[in-house]
Amino acid sequence: MKNFLSSFVSHPTVPESYIYPPEKQPGKSIIPTGESIPVIDLGGGRGDHRGQQFTLVEQIMRATQEFGFFQVINHGISVELLRDTLAVASEFFEMSIEDRIQYYSDDPKRAVRVYTSCGMHDRGILNWREAMKITGHPVEKLAHLLPEKPNKFRDVVVGYSEGVMKLAMRILGMINEGLGLEEGYFDDDKLSGGEHFVLINHYPPCPDPSLTLGLVKHCDPNLITVLLQGKTRGLQVIKDGKWISVEPIPDALVVNVGHQLEIISNGRLKSVEHRAVTNSREARTTVVTFINPAADCLISPAPVLVGRSQAPLYKAFTYKEFFNVFHDTDGPKTHVQRLLLILYILAAVLK
Ligand SMILES: O=C(O)CCC(=O)C(=O)O
Ligand SMILES: [Fe+2]
């Protein structure tokens, strides 16, 4: 039987294969304090920032330009649905290995797939994480493939995904306005209607969180990401070269800019590096929705954002071309590596 991470979490020490080199280890002070990412009240209209009043569009633009991340409250998805989603997600990973193993697969093309430890490797070092990845859009069309246990899993995950899709489109609409793009830019089915991913990350308690990572430092390759985390801290984001913690806020959702949105905005919005750290007390479960363009969608800086005074930072390429290179290149993607990667794609495309 596959060696699920949770089958040895009662282990008193961290197995060698999960130990990051010292410079990559989160270390003893793994929960940094300090600056926090903006919290935007989507139900409230204007928000306050250092005594100044800003509209929702302005708040989202500031957050996506300065942090690449923000949290939303009063976002329209019911508290009950959020709590049910986290409950069924963590219950799945608490079930016996026999109940989970039927969904295990090494085939990344499987629409519903459970895997363990792997994911984003850093020189072969394993992540302290188990995951379920659901690939398809809308998730409703995959309902019959989703686990029947826990009881409400299918209905809850389908309902949650519908809610997240509406929310993501609302946020993209505001970004559209903030960037001054032509109306309905993100409504294009190719751009925002690709095969979305719902990723359930489960980080079991770790005997020594200072040595390991739940998820190594990375940027998201997609358009935009919406993340539901419970009460347990773990997500960290780079700001001005330092890690800051994304503090759990009850029933909030975390939103971040993916590479494609950064490219469309010609570098105005930032796709920012982030990672997940573990803790020794309790398991942490997150539900992450990646809004993806279709494979053959041509991505380029939006035409209205480039002109004489603003040269395009990126050339056009299809999402498939980007995604293939992104995943083929081993190791984590730093900002510099990412730019090199894009140049590499351009060289191939322009040949
Ligand atoms: O679980 C988390 O807090 C981070 C997840 C994440 O960054 C991802 O799945 O891409
Ligand atoms: Fe991520």
(request) Check the pair Tyr314 / Ile299 against side chain to side chain contact (heavy atoms under 4.5 Å, CB included), numbers first and verdict last. (result) CA-CA 9 Å; Tyr314 311 94; Ile299 311 276; over 6 Å; no

(message) Let's go through Thr116 and Arg100 carefully: what are the C-alpha distance in whole Å and the side-chain angles of both, what is the deciding distance for side chain to side chain contact (heavy atoms under 4.5 Å, CB included) to 0.1 Å, and is it a yes or a no?
(response) CA-CA 11 Å; Thr116 181; Arg100 281 179 283 150; over 6 Å; no

(request) Determine the minimum heavy-atom distance between Val72 and Ile171, stating which atoms define it. (result) CG1-CD1, 4.5 Å

(request) Return yes if some donor-acceptor pair links the side-chain N/O of Gln229 with the main-chain N/O of Val246 below 3.5 Å, else return no. (result) yes

(request) Report the distance from atom CE of Met132 to atom CG of Leu146, rounding to the nearest 0.5 Å. (result) 7.5 Å

(request) With rounding to the nearest 0.5 Å, note down the distance linking CD in Glu262 to OG1 in Thr64. (result) 11.0 Å

(request) Identify the heavy atoms of Leu199 and Ala131 that sit nearest to each other, and give their distance. (result) CD1-CB, 4.0 Å

(request) Report yes if the side chains of Leu223 and Ser192 come closer than 4.5 Å at any heavy-atom pair, otherwise no. (result) yes

(message) Please determine whether a side-chain nitrogen of the Lys or Arg among Glu247 and Arg233 lies less than 4.0 Å from a carboxylate oxygen of the Asp or Glu.
(response) yes

(message) Counting C-beta onward and ignoring hydrogens, is there a side-chain heavy-atom pair between Asp41 and Val39 closer than 4.5 Å?
(response) no

(message) Between Asp220 and His274, is there a side-chain donor-acceptor contact under 3.5 Å, judged purely by atom types and distance?
(response) yes

(request) Compare all side-chain heavy atoms of Trp243 with those of Arg275 and state whether any distance is below 4.5 angstrom. (result) yes

(request) Report whether Ile249 and Ile244 are members of the same hydrophobic cluster (ILVMFWY, side-chain heavy atoms less than 4.5 Å apart, transitive linking). (result) no

(message) Please check this pair: side chain of His196 against backbone of Val139, looking for a donor-acceptor N/O pair closer than 3.5 Å.
(response) no

(message) Let me check something: do Ile175 and Leu181 share a hydrophobic cluster, defined by ILVMFWY side-chain heavy atoms less than 4.5 Å apart, either directly or through other members?
(response) yes

(request) Let me know which of Asp84, Val287, Leu142, Ile134 forms a side-chain contact (heavy atoms from CB on, under 4.5 Å) with Val157. (result) Ile134

(request) Would you mind checking if Glu195 and Lys320 are paired as a salt bridge, meaning a charged N to carboxylate O distance below 4.0 Å? (result) no

(message) So, taking the atom named CG in Leu145 and the one named CZ in Arg113, what distance separates them when rounded to the nearest 0.5 Å?
(response) 15.0 Å

(message) Using the rule given for side chain to side chain contact (heavy atoms under 4.5 Å, CB included), can you reason through Tyr203 versus Thr286, listing the C-alpha separation, both sets of side-chain angles and the distance that settles it, and then say yes or no?
(response) CA-CA 9 Å; Tyr203 310 97; Thr286 61; 4.1 Å; yes

(request) Identify the heavy atoms of Ser280 and Pro205 that sit nearest to each other, and give their distance. (result) O-CB, 3.6 Å

(request) Measure the shortest side-chain to side-chain distance between Asn256 and Val272 over non-hydrogen atoms and say whether it is less than 4.5 angstrom. (result) no

(message) Quick check: do Arg170 and Leu42 have side-chain heavy atoms less than 4.5 Å from each other?
(response) yes

(message) Is there a side chain to side chain contact (heavy atoms under 4.5 Å, CB included) between Tyr185 and Leu179? Walk through the geometry before answering.
(response) CA-CA 10 Å; Tyr185 194 90; Leu179 287 172; over 6 Å; no

(request) Report whether Met169 and Leu191 are members of the same hydrophobic cluster (ILVMFWY, side-chain heavy atoms less than 4.5 Å apart, transitive linking). (result) yes

(message) Between Asn266 and Ala311 (side chain of the first, backbone of the second, donor and acceptor by atom type, cut-off under 3.5 Å), is there such a pair?
(response) yes

(message) Using a 6.0 Å cut-off, check whether atom NZ of Lys141 has over 12 heavy atoms from anything other than its own residue.
(response) yes

(request) Enter the distance from Glu35:CD to Ser245:OG here, rounded to the nearest 0.5 Å. (result) 12.5 Å

(message) I'd like to know if Asp296 and Lys190 make a salt bridge, using a cut-off of under 4.0 Å between side-chain N and carboxylate O.
(response) yes

(request) Mind checking the CG-OG spacing from Leu305 to Ser300? Nearest 0.5 Å is all I need. (result) 10.0 Å

(request) Identify whether Leu298 and Phe323 are in the same connected component of the hydrophobic contact network (ILVMFWY, side-chain heavy atoms under 4.5 Å). (result) no

(message) Whether the side chain of Gln260 engages the backbone of Asn222 through a donor-acceptor N/O pair (distance < 3.5 Å, no angle test) should be reported.
(response) no

(message) Are the side chains of Ile19 and Gln25 in contact, using a 4.5 Å heavy-atom criterion?
(response) yes

(message) Donor-acceptor pair, distance only, cut-off 3.5 Å: does the side chain of Asn127 make one with the backbone of Val216?
(response) yes

(message) Under a plain distance cut-off of 3.5 Å, with no hydrogens placed, do Asp107 and Tyr115 share a side-chain donor-acceptor pair?
(response) no

(message) When you compare the side chain of Leu213 with that of Thr278, does any pair of heavy atoms fall below 4.5 Å?
(response) no

(message) Taking the side chain as everything from C-beta on, heavy atoms only, tell me whether Thr289 gets closer than 4.5 Å to Ser161.
(response) no

(request) Working to the nearest 0.5 Å, report the span between CD1 of Ile60 and CD1 of Ile40. (result) 5.0 Å

(request) Work out which heavy atom in Glu148 is nearest to a heavy atom in Tyr103; give both atom names and the distance. (result) N-OH, 3.8 Å

(request) Without swapping roles, check the side chain of Arg284 against the backbone of Thr232 for a donor-acceptor pair under 3.5 Å. (result) yes

(message) Hydrophobic clusters here meaning ILVMFWY residues chained together by side-chain heavy-atom distances under 4.5 Å, can you tell me if Leu82 and Ile73 are in one?
(response) no

(message) If you compare all heavy atoms of Thr318 against all heavy atoms of Glu321, which two are closest, and at what distance to 0.1 Å?
(response) N-OE1, 2.8 Å

(message) If you count heavy atoms of other groups shown closer than 6.0 angstrom to CD of Glu282, is the number above 12?
(response) yes

(message) Ring-plane angle category for Tyr319 and Phe322, please: parallel below 30°, perpendicular beyond 60°, tilted otherwise.
(response) parallel

(message) Ignoring hydrogens, what is the shortest heavy-atom contact between Gly163 and Ile77? Give both atom names and the distance.
(response) C-CD1, 3.5 Å

